[in-house]
**Student:** 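Handing you this structure, nothing more for now.
Here is how names work: the chains are called A, B, and so on, in the same order as the sequence lines, proteins then strands, and each is numbered from 1. If you're wondering where the values come from, they're calculated on a predicted model, not measured in any experiment.
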Amino acid sequence: MHRARRATKNIYRGASFHSMHWADVVAEQLLQHNQAHVLATAITPSGPIHVGNMREVLTTEAVYRALVDRGGHAELIYIGDTFDPLRKVYPFLSDDYQQYVGMPLSEIPCPCGRHESYAHHFLSPFLESLEELGVHPTVYLAHELYGEGRYHQAIRRALDGADTVRAILSEVSSRDLSSSWVPFTVRCPSCGKLQGEVVDYRYPSVRYRCPSCREEGEVDLRQGGVGKLPWRVDWPARWSMFGVTFEAFGKDHAAAGSSWDTGQRIVREVYGREPPTPLVYEFIHLKGKGAMHGSTGTAVAAEDMLAITPPEVLRFLLMKTEPSRHIDFDTGFGLLDLVDEYDRYERIVFGLEEEQAGVKEAERIYWLSQPHPRAAHVMSAQVPYRHLVTIVQIARDWDQVKEILRRNGEIGELSAYEEGKLRERVDKVSHWLDRFAPESVKFEVQDSLPDIEVSGEMRAFFVSLAAALGEQPWDAEAIHQTIHAVAQEQGMPAGRAFRYLYLIVLGQTKGPRAGYFIHSLGREFMLERLAAAAKAGA
RNA sequence: GGGCUCGUGGCUCAGCUAGGUAGAGCAGCAGGCUCUUAACCUGUCGGUCAGGGGUUCGAAUCCCCUCGAGCCCGCCA
């Protein structure tokens, strides 16, 4: 608001995002330069990949869609940084991993033993999540790119231009580099660590010394996988190799003197081409838990978020928020609110609700949020998420959920699409209840009468209520009123009556709104339970 | 030391690109035939738009300054 909007160019706000969706603004900007684009994203799988990283891919994919919508030609690529060395033994690793520190992630054993490597262990679930989110990039793995010699020319140029690289790094990032520093690290053939220091270079051979095992030797650059460019050079090298024209990256790369600043100069001065159009995104935080960092082990993995959030809702969260704004992801009640908000947008898009203030670009955001836009021409059978939280706890399985919803008249015949969507939500709600839901919304319907003391007052209430409920239509509102009527007959405050009912069904004193709740439980169940309770008090 | 974002009712935010004295959702409160309860509906309370100055007939919106909050970089990626 009162923040200064400097006149100097600001890569955080390349253009105004106000009259159009941000993805469209970026797409138009890109199309002014060129009709064909390569959009790159990349992530280092050194630990569980968190939702913060998800933002990078989804942000880029939104721009991709906007480009394609405008008739542009676009390619979405994803590079897994599988050739990066393991930095340290992260908290989620066993001490055994000490021996692998310094080795490329692709050559370290999988922590669970079920994947090809350490890198795959963390990358695979993330790629599966992308699939669920409807993101389909062309995937490249860095260790393959290096191994196949794709980096050969880029490495050669970096070594030939070592003086330039060194000058840029020390000028722009004010790093203190020795005159012998060279932008290449050799993978020591003897110990496998990516730490070999270059002592001499005469193309195509590189002499190195390994600080770890003290080995000295020579490698041939024409062979693949003999070493790696440091990040600050690797990045511009990729832009050059793939012809990248757009890249979204976190603000960690965008600070003054950071890799974006050095990368721009290196790509121009060493690789002779222009840098991509940048888009800086802010991080996603877990509400109340601070920033999410894969390396600290405190992060919640992207796949965990997806386990509790319908994919279109996760996309929705990112699509409705400008990339430059940070997001607090609330895994508690906030998640329920978010799903409700999504549903509201859906109703607006399908004309069931009027667009109001506080809703922006409903249509565009809704379509960008669809994992499979073509399938979503029909509205989904909306059952409020909060309601599902209750239903899921009453029902034992999907069929029962469906039955209860039918009995309540909340759903009719479902198309395959509707049923799929609803079932997906039920799955997500179940996971949420298991792992994130606040205790206050949890309950468990007891299979038999809980072990409680039934007083005379309770018994009388149960008997009368059973009689009254037995001879009336099974209707939520009617049940609610009957409870009050019977309680009044007995001269009992309504609150006490409800407490008794929750006690015999749940074994606790509170629960979901009684009328609807009992209705969902079914007449047979309720009458049996009342009878059992009355008997216990006899 | 440097960079970015944010500061609008209890909470989360929209509105700011093209100035005309504020708008949603949630929460709260009150109702829904004597009914506090976590899914429903209706109504309603609530904000000197962080503060100061400037431009203007008029500023949450534009300009300048101050304060506050968060994050990032200055190891590696």
**Student:** How many Å lie between CZ on A/Arg386 and C1' on B/A27, as a whole number?
**Tutor:**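 One finds 10 Å between C1' of B/A27 and CZ of A/Arg386, rounded.
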**Student:** For A/His480 and B/G32, what is the distance between atoms NE2 and P respectively, to the nearest whole Å?
**Tutor:** 11 Å
**Student:** Assign each of A/Gln508 and A/Gln481 to its nearest nucleotide of RNA chain B by heavy atoms, then name whichever residue's nucleotide is nearer the 5' end.
**Tutor:**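 Its nearest nucleotide being more 5', the pick is A/Gln481.
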**Student:** Can you tell me if CD on A/Gln472 sees more than 12 non-hydrogen neighbours from other groups inside 6.0 Å?
**Tutor:** yes
**Student:** Looking at B/U36, B/C72, B/A24, which one has an atom nearest to any side-chain atom of A/His484?
**Tutor:** B/U36
**Student:** To the nearest Å, how far apart are A/Phe517 CZ and B/C40 C1'?
**Tutor:** 17 Å
**Student:** Whole angstroms only, please: what is the CE-C1' distance between A/Met492 and B/C35?
**Tutor:**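 A/Met492 atom CE is separated from B/C35 atom C1' by 15 Å.
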**Student:** For A/Glu341 and B/C13, what is the distance between atoms CD and P respectively, to the nearest whole Å?
**Tutor:** 11 Å
**Student:** Taking CG from A/Asp252 and C1' from B/A77, how many angstroms apart are they, rounded to a whole number?
**Tutor:**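 The answer, rounded to whole Å, is 9 Å.
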**Student:** Counting heavy atoms not belonging to A/Lys442, are there more than 12 under 6.0 Å from its NZ?
**Tutor:**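 Atom NZ in A/Lys442 is crowded, with more than 12 foreign heavy atoms closer than 6.0 Å.
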**Student:** Give me the distance, rounded to whole Å, that separates B/G23 from B/A60 when you measure between the P atoms they each carry.
**Tutor:** 13 Å
**Student:** How close or far is atom P of B/U36 from atom NZ of A/Lys510, stated in whole angstroms?
**Tutor:**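 Distance, rounded to whole Å: 13 Å.
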**Student:** I want to confirm an ordering. Mapping A/Ile394 and A/Ala256 to their closest nucleotides on RNA chain B, which one lands closer to the 5' end?
**Tutor:** A/Ala256
**Student:** When the P atoms of B/G70 and B/G32 are compared, how many Å lie between them, rounded to an integer?
**Tutor:**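 Result for the P pair: 46 Å, nearest Å.
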**Student:** How long is the span from the CZ atom in A/Arg364 to the CG atom in A/Asp24, to the nearest 0.5 Å?
**Tutor:** 4.0 Å
**Student:** Does the side chain of A/Tyr385 come under 3.5 Å of the side chain of A/Asp337 through a donor N or O and an acceptor N or O?
**Tutor:**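 Short answer, no.
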**Student:** Of all the choices, B/A24, B/C35, B/A77, which nucleotide is nearest to the side chain of A/Ala494 once you look at every atom?
**Tutor:** B/C35
**Student:** In terms of side-chain heavy atoms of A/Ala255, which of B/G25, B/C4, B/C72 is nearest?
**Tutor:** B/C72
**Student:** Quick one: which of B/A77, B/A38, B/G3 gets closest to the side chain of A/Pro512?
**Tutor:** B/A38
**Student:** Is any side-chain N or O of A/Glu282 under 3.5 Å from a base N or O of B/U5, one able to act as donor and the other as acceptor?
**Tutor:** no
**Student:** How many Å lie between CG on A/Leu169 and P on B/G74, as a whole number?
**Tutor:** 12 Å
**Student:** Look at the side chain of A/Phe283 and decide which nucleotide, out of B/C71, B/A77, B/A38, has an atom nearest to it.
**Tutor:**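 Selected nucleotide (nearest to the side chain): B/C71.
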**Student:** Of all the heavy-atom pairs spanning A/Ile155 and A/Gly227, show the shortest one and how long it is.
**Tutor:**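 A/Ile155 and A/Gly227 have their closest heavy atoms at CD1-O, 4.5 Å.
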**Student:** A/Trp231 has a side chain; which of B/A77, B/G70, B/A38 sits nearest to it?
**Tutor:**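 Nearest listed nucleotide: B/A77.
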**Student:** Select one nucleotide: of B/C26, B/A38, B/G2, the one nearest the side-chain heavy atoms of A/Asp337.
**Tutor:**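 Nearest to the side-chain atoms of A/Asp337, counting from C-beta on, is B/C26.
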**Student:** Could you spell out the base pairing of RNA chain B in dot-bracket, with Watson-Crick or G-U pairs whose two distances are under 3.5 Å, [ ] crossing and | to another strand?
**Tutor:** ((((((((.[[[[.).......]]]].(((((.......))))).....(((((.......))))))))))))....
**Student:** Kindly assign one of parallel, tilted or perpendicular to the pair A/Phe283 and A/Tyr281, based on the angle between their ring planes and the thresholds 30° and 60°.
**Tutor:** tilted
**Student:** Do you see a donor-acceptor pair shorter than 3.5 Å between the side chains of A/Glu197 and A/Trp181?
**Tutor:**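 No, because no side-chain N or O of A/Glu197 sits under 3.5 Å from a partner of the opposite role on A/Trp181.
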**Student:** Work out how far the P atom of B/C65 is from that of B/U5, and round it to whole angstrom.
**Tutor:** 15 Å
**Student:** Taking only side-chain N and O atoms of A/Arg325, does any of them lie within less than 4.0 angstrom of OP1 or OP2 on B/A14?
**Tutor:**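 True: A/Arg325 side-chain N/O within range (under 4.0 Å) of B/A14 OP1/OP2.
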**Student:** Considering only the C1' atoms, how many Å lie between B/G47 and B/U8, rounded to the nearest integer?
**Tutor:**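 Going atom to atom, C1' in each nucleotide, I get 7 Å.
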**Student:** Among A/Arg315, A/Glu312, A/Glu346, A/Met319, which one satisfies side chain to side chain contact (heavy atoms under 4.5 Å, CB included) with A/Tyr366?
**Tutor:**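 In the set A/Arg315, A/Glu312, A/Glu346, A/Met319, the residue that makes a side chain to side chain contact (heavy atoms under 4.5 Å, CB included) with A/Tyr366 is A/Glu346.
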